[in-house]
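In what follows, a structure is listed as structure tokens, so that the remarks can point back to it.
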Amino acid sequence: MSKFPSEKPVLVTCGLPYANGKAHVGHLRTYVPADIFVRSLRKTGQEVTFVCGSDTHGTPIVVNAEELKTTPGELVKKYHEHFDHTFKDMGVIFDAFGTTDDPTNHERTVDIVNRLIDNDYVYPKIIEIAYCARCDRFLPDRYVKGTCPHCGEDARGDECDQGCGKHLEPGELEVPVCTICGGVAEYKEQEHYFFKLSEFKDFLLEHLKDLEGTTNARNYAIGWIKKELTDWCITRNLEWGVRFPGHDDLVVYVWVDAPIGYISFTEEWAEANNDDWEKYWKGDSRIIHFIGGDIIYHHCIFWPAMLKGAGYSQPWSVVASGMLKIENKTFSKSRGYVVWVGEDYLEHGFHADLLRYYLASYTSHTKELNFSWDVFQEKINSELVGVFGNFLYRILLFAHKNYGEIPAGNIDQEVLDKIGYTIEDTTESMENYEFKKYVDTAMSLASFGNAYFQSREPWKLIKEDKDACGKVLANCIQIAKALVILFEPVIPTKMEIAWEQLGMETDIHATPYSEAMVEIKEGTRLQKPSILFEKIEDDTTKKMDNISSERVRKAIEKECGKKEETKMETKENITFDDFMNLDLRAGTIVKAEAIKRSKKLLKLEIDLGEDIPRQIVAGIKATHDPEQLPGKQVIVLSNLEPAKLCGVESNGMVLAGVDENGDAILLAPEKKVAPGTRIG
RNA sequence: AGCGGGGUGGGGUAGCCAGGAGAUCCCGACGGGCUCAUAACCCGUAGACCGAUGGUUCGAAUCCAUCCCCCGCUACCA
């Protein structure tokens, strides 16, 4: 019942890295498993094409380039090369790694957009776009900032990043300001183009029903579609990007030309290898997308609808990886919870295969994966060094010392069976994108090998019966051969060396799983084996831990400093009268309870010396236990106009500060005072 | 609050859809053994009221109901 090898052509892609920043371990959570998957498919005899490339368009790149006083083209080139190198260094080998700014992609995007237009899936609509009169330009997405219509916080044009985090459509932002000149922007009507996504609802539901891959992707997408599908605005006012056909002032939205990169990279690969790209994108094929969990929406909804609308083949499988944590903390570049692939890992001399092993074996692909140096050390030392590496080394050294070649001896049926079952189990795991299971199953064969060797005590046998001992060794070497083949997808460069140590002269990367059952040849010369995996010392992990915590410390400092600065700058002087308008009072909390529907809010009743206690809502749930609060005194701004929060009325504001961890610190009187005591 | 995913010994997991004997495996901890090997390997021990409560059943981690908690994407953060 295995799905591979299949007669249908198989194409594997990885979500495109955005060429606007360095590669971190979070990226690898998608790329490493994809590479393992591809290598494994090839071992089943499946032909696969594996493509990826840099995502180069969109406003963040343009804005970032302007800030760095460079051009988008230069910026993109720099990071494209960075990703290309990093992936190669990590053993992630694509058949093609292009960019979405390649001419191929421009042409393919225009073709697809034209087809969508011809098929009547695109229509123009007049919408209001922020426009800066001083710069004489329209301001898409992040070129404009202003006030969020939902929460009133400062927000960027496409998203309320400081406040509620909500996605903003063009024209929604209030009090728009141009980010280039700082001048006040205005809204101006302009014609933009929309893709009729809403018409694809039935198609998408049908498509998703049969979609292979991980369930997180499918369920998530189905949920979205059932809610609502609105048409997508697919044009932007930008210089940088793919021209929208027939409109020199418009560019196609990044999320249109980015996935089309999958097609154009396939074309580039086909061009270079004299092959045919249409068998994947126009025929009955198996297109497998490896992506991060954050872009499921685009790959399961927008992308297949576009392909369908333009008459191309749709994805067969979408494999979405879970999130990455660093030292058990939510991944965050700004907070310092990040591990850069180059400067934090490879440049410290760690072997790429070790990280590949960790990523593949920590947990299942869809769950969140914690990267911790201590766990890294423990896993590498006990599993790779202790179980697997030690097995290879002890048997090869023993064989080399006592025989100098692979000794004669039939392979036990028990051993062949064990290898056979292991291959069955591992390949099945791989088909289900269960990388951890694959590794664990393979590792259990190494344990079996250790037990086999140990229980037969060849170090004693060698003195009594050299032939019987040789047979034990032959069986062990057979197990080792299978292990090296099984582990090649996960730790490819280390397995090259191991393969050589086994006296093999073929290319391990091209060796199929079936070769594991082929009996080893007695008499093959064995060189003196070298140690494959070195132990990671405590000092090393301590050093890495220090680097991490230092970065977190600096990030906190920077964050606090920044807040101080901006606050000092933005607040203008007020008059004494202004201050006297604030009615500040000391009060005693008499009752506190959590507001169920909210993560952050507590409902407080505060005695301000009035007839009945005031009901005030405060965002301190995360830091304060409601049971501990009654009796405590706080300072309240009592004449703030009432508001409803999460449906609960709030008649004032409890004053609190924020410490370096972002935790709320309640202000309190120096000593107990009568409720209602005036402050100021 | 809505949608999705998830809660099983210290960490990571299996089992759940098709309910049945002592809840699986790996790591870690502890004890012992062995010595070919990178102090590794082998054997053994402890450790889980299977998120909570109620229900169905002769029998539930597994089915049903309600609730709690964690993680994403949304709403809210006086």
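Each chain gets a letter, A, B and so on, in the order the sequences are listed, and its residues count up from 1.
- Pair assignment for G22(B) gives none, since no Watson-Crick or G-U wobble pairing has each distance under 3.5 Å.
- The interatomic distance linking Asp374(A) (CG) with G12(B) (P) rounds to 15 Å, in whole Å.
- Separating the CD atom of Glu368(A) from the P atom of C71(B) is a distance of 8 Å, rounded to the nearest angstrom.
- Checked by atom type, the side-chain pair Asp353(A)/Thr493(A) shows a donor-acceptor distance below 3.5 Å.
- Taking the C1' atom of each, A29(B) and U66(B) are spaced 39 Å apart, rounded to whole Å.
- In this entry A29(B) has U45(B) as its Watson-Crick or G-U wobble partner, both defining distances falling under 3.5 Å.
- Scored by the salt bridge (charged side-chain N to carboxylate O under 4.0 Å, His left out) test, Lys367(A) finds no partners at all (sequence neighbours excluded).
- Distances were taken from every side-chain heavy atom of Val385(A) (C-beta onward) to each of C36(B), C41(B), U38(B); the shortest belongs to U38(B).
- Remark: Gln377(A) pairs with Asp538(A), Thr541(A) by the side-chain hydrogen bond (donor to acceptor under 3.5 Å, both in side chains) rule, at least two apart or across chains.
- Taking Asp231(A) as the reference, Tyr123(A), Ser198(A) meet the side-chain hydrogen bond (donor to acceptor under 3.5 Å, both in side chains) condition, with sequence neighbours excluded.
- Residue Phe533(A) is classed as a base contact, given a heavy-atom separation below 4.0 Å to a base.
- When the C1' atom of C41(B) is taken as reference, atom CG of Leu396(A) falls 16 Å away, rounded to whole Å.
- Nucleotides G15(B) and C26(B) are separated by 16 Å at their C1' atoms, to the nearest Å.
- Nearest-nucleotide mapping onto RNA chain B: of Ile531(A) and Thr330(A), the residue sitting toward the 5' end is Ile531(A).
- Pair assignment for U38(B) gives none, since no Watson-Crick or G-U wobble pairing has each distance under 3.5 Å.
- Between Tyr358(A) atom OH and G11(B) atom P there is a gap of 14 Å when expressed in whole angstrom units.
- Per the geometry, CG belonging to Asp294(A) stands 11 Å off P belonging to U74(B), to the nearest Å.
- Distance check on atom P: G28(B) versus A21(B) gives 30 Å, rounded to whole Å.
- In this model, no donor atom of one side chain and acceptor atom of the other lie less than 3.5 Å apart for Tyr438(A) and Glu428(A).
- The base-pairing partner of A60(B), taking Watson-Crick or G-U wobble contacts with both distances under 3.5 Å, does not exist among the strands shown.
- If you measure from atom NZ of Lys535(A) to atom C1' of A39(B), you get 7 Å, rounded to the nearest angstrom.
- Glu327(A) pairs by the side-chain contact (heavy atoms from CB on, under 4.5 Å) definition with Ser372(A), Trp373(A), Asp545(A), not counting sequence neighbours.
- Nucleic acid contact class of Ser364(A) (heavy atoms, under 4.0 Å, all strands): sugar-phosphate only.
- A search for side-chain contact (heavy atoms from CB on, under 4.5 Å) contacts involving Lys466(A) returns Tyr403(A), Ile462(A), not counting sequence neighbours.
- Where Gly386(A) and Phe453(A) each meet RNA chain B at their nearest nucleotide, the meeting point lying more 5' is that of Phe453(A).
- Heavy atoms of Gly322(A) sit nowhere under 4.0 angstrom from any nucleic acid atom.
- For Phe388(A) and C41(B), the CZ to C1' distance is 16 Å, given to the nearest whole Å.
- When the C1' atom of U38(B) is taken as reference, atom NZ of Lys528(A) falls 12 Å away, rounded to whole Å.
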Identify all pairs in which a protein N or O lies below 3.5 Å from an N or O of nucleotides 33-35 of chain B, and state each distance.
none

Check nucleotides 25-29 of chain B for protein N or O atoms closer than 3.5 Å to its own N or O atoms and list the pairs.
from: C27(B); atom 1: O2'; to: Glu378(A); atom 2: OE2; distance (Å): 3.0

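- Spacing between C17(B) and C63(B) at atom P, rounded to whole Å, works out to 5 Å.
- Taking the side-chain hydrogen bond (donor to acceptor under 3.5 Å, both in side chains) definition, one finds that Asp202(A) meets it with nothing, sequence neighbours left out.
- In this structure Asp465(A) satisfies the side-chain contact (heavy atoms from CB on, under 4.5 Å) test together with Asp467(A), Ala468(A), sequence neighbours excluded.
- For A14(B) and G7(B), the C1' atoms lie 15 Å apart once the distance is rounded to whole Å.
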Could you go through nucleotides 3-6 of chain B and list every protein N or O atom that sits under 3.5 Å from one of its N or O atoms, giving the distance for each pair?
from: G5(B); atom 1: OP1; to: Asn219(A); atom 2: ND2; distance (Å): 2.7

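- C36(B) sits 13 Å from C42(B) when the C1' atoms are compared, rounded to a whole Å.
- Partners of Tyr18(A) according to the ring pair (Phe, Tyr, Trp, His ring centres under 6.0 Å) rule, which considers only residues two or more places apart in sequence or in another chain, do not exist here.
- Residues Thr30(A) and Ser321(A) bring a donor and an acceptor atom of their side chains to less than 3.5 Å of each other.
- Here C42(B) is the nucleotide among U38(B), C36(B), C42(B) with the atom lying nearest to any side-chain atom of Asn450(A).
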From CA spacing to verdict: ring pair (Phe, Tyr, Trp, His ring centres under 6.0 Å), His365(A), Tyr433(A):
CA-CA 7 Å; His365(A) 191 61; Tyr433(A) 314 103; 7.8 Å; no
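- Below 30°, between 30° and 60°, or above 60°: for Trp255(A) and His299(A) the angle between ring planes is above 60°, a perpendicular geometry.
- For Ala217(A), the side-chain contact (heavy atoms from CB on, under 4.5 Å) partners at least two apart in sequence or on another chain are Thr214(A), Ile296(A), Cys300(A), Val318(A), Ala320(A).
- For G55(B) and U62(B), the P atoms lie 14 Å apart once the distance is rounded to whole Å.
- Here the separation of C67(B) from C43(B), taken at their P atoms, is 49 Å to the nearest Å.
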